[in-house]
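Note that the structure is a prediction, hence the values are computed from the model and not measured. Numbers here simply count residues along the sequence, with the first being 1. For ligands, and for the atoms within them, numbers begin at 1 and follow the listed sequence.
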Amino acid sequence: MRITDYELFEVAPRWQILQLITSDGSVGWGEVYAKWHYAGETPVTASGAAVDQLLHKYVLGEDPREIERRWEAMYRSSFYRGGAVHMSAIAGIDEALWDLKGKQYGAPIYELLGGAARDRVRLYHHASAEAAQTALDDGFSAIKMSPDRMLERIASPDEVERFAQRVAETREIVGDDVDIGIDFHGRVAPPMVKRVAAALEPYSPMFIEEPVTPEYEGVFPDLAASTTIPIATGERLHTRFAFKRYFEAGGIDVAQPDVSHAGGITETKRIGDMASTHGVALAPHCPIGPIAFAASVQVMAVAPSALIQEQTLYRDDGWKQYLTDAAPLEHSNGYVALPDGPGLGVDVDEAAVREAHGVDLEYQRPIYEYADGGIGDG
Ligand SMILES: [Mg+2]
């Protein structure tokens, strides 16, 4: 069996769905995290271009069963490697190869990775005070919120208090048996991070996520020593080598690789295994589409230190149009059961994906500015 063809579909709101086709007519699906966003007249992303190059150079004409060999070829043969664009492209291809393998053996991917370590995967929902009750009504027992806006480099006591107050209100609404993750999302600069963490201590967050951006990895051990709140990071780390530095330096409690950023199922499983050896929990990032989410569930099924899975699917029903049957990914009381179908466990509706290709694409990251007009992260 050989990989003979592929198509990359760009579908709303900002999802790239990859189809690999083999010589015996089998089809595997993956999701590529869009990198460098839609610009100009045509929907071309850097990760889409990387997919084209990697497939033509290292995958087409090859045996899809040799995932590790294809992965090494795509990674090591790219001399300048490991960045967001490269690893997102590898990720989508890797997911599609695993989907093909699962279908070939008639088994879910987690069976081929060693078998399930749990029955279901716990999920959290994005919700702050205003939406918290809805999340609880939907059955979730964990939510995640962010500061409304970027804090100044050294924020005033009022700014810090406003943010802490929002967390306090949310805690009041959800009670003490619901977990609240707090994603700083680059909105807190390194000089402020300890003070903001201290202000949140009374509300016992599940974790603080990306307390600072990855450029400031040296901040983590200091921050962790100053707070009892578990520290999470990793959505902008793309390889096990990037995670290795954090694990060795200490200062993180929860690793958050994104399966569609960090080299796919193959690399994210490795990161999860490494995390467990350092006593670090795994909570994969996933704010994109149903294929990426399905791939995340496969990794979480076998992860030794699985904590909780991110998703943004359940905000509306948009994702369901791309599947022939949404049932395998529906949650029940904030958990998704391990799908028992082969491969990723979902059937992509090819006709729907084809029809949606290139229509209503959105997502441009805004520019975030401090009060003086200087540029920050957000
Ligand atoms: Mg985040």
Legend entry - Arg195/Glu159 salt bridge by N-O under 4.0 Å criterion: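 No, no charged N to carboxylate O under 4.0 Å.
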Show me, pair by pair, the donor-acceptor contacts under 3.5 angstrom made by side chains of residues 136-144, not counting sequence neighbours?
unit_1: Asp137; atom_1: OD1; unit_2: Gln133; atom_2: NE2; d: 3.0
unit_1: Ser141; atom_1: OG; unit_2: Arg122; atom_2: NE; d: 3.2
unit_1: Ser141; atom_1: OG; unit_2: Arg122; atom_2: NH2; d: 2.9
unit_1: Lys144; atom_1: NZ; unit_2: Tyr124; atom_2: OH; d: 3.0
unit_1: Lys144; atom_1: NZ; unit_2: Glu209; atom_2: OE1; d: 2.8
unit_1: Lys144; atom_1: NZ; unit_2: Glu209; atom_2: OE2; d: 3.1
unit_1: Lys144; atom_1: NZ; unit_2: Glu310; atom_2: OE2; d: 3.0

Inset, instruction - Could you point out which residue of Tyr75, Trp98, Trp71 forms a side-chain hydrogen bond (donor to acceptor under 3.5 Å, both in side chains) with Thr266? - result: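 Going through Tyr75, Trp98, Trp71 one by one, the side-chain hydrogen bond (donor to acceptor under 3.5 Å, both in side chains) with Thr266 is satisfied by Trp98 alone.
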Inset, instruction - With sequence neighbours left out, write down each residue that passes ring-ring contact (aromatic ring centres under 6.0 Å, His included) with His261, or none if nothing qualifies. - result: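 So His261 forms a ring-ring contact (aromatic ring centres under 6.0 Å, His included) with Tyr33, His238, His285.
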The Mg ion (ligand 1) to [X]: nearest N/O/S atom name:
X      : result
Glu209 : OE2
Glu235 : OE1
Asp183 : OD2

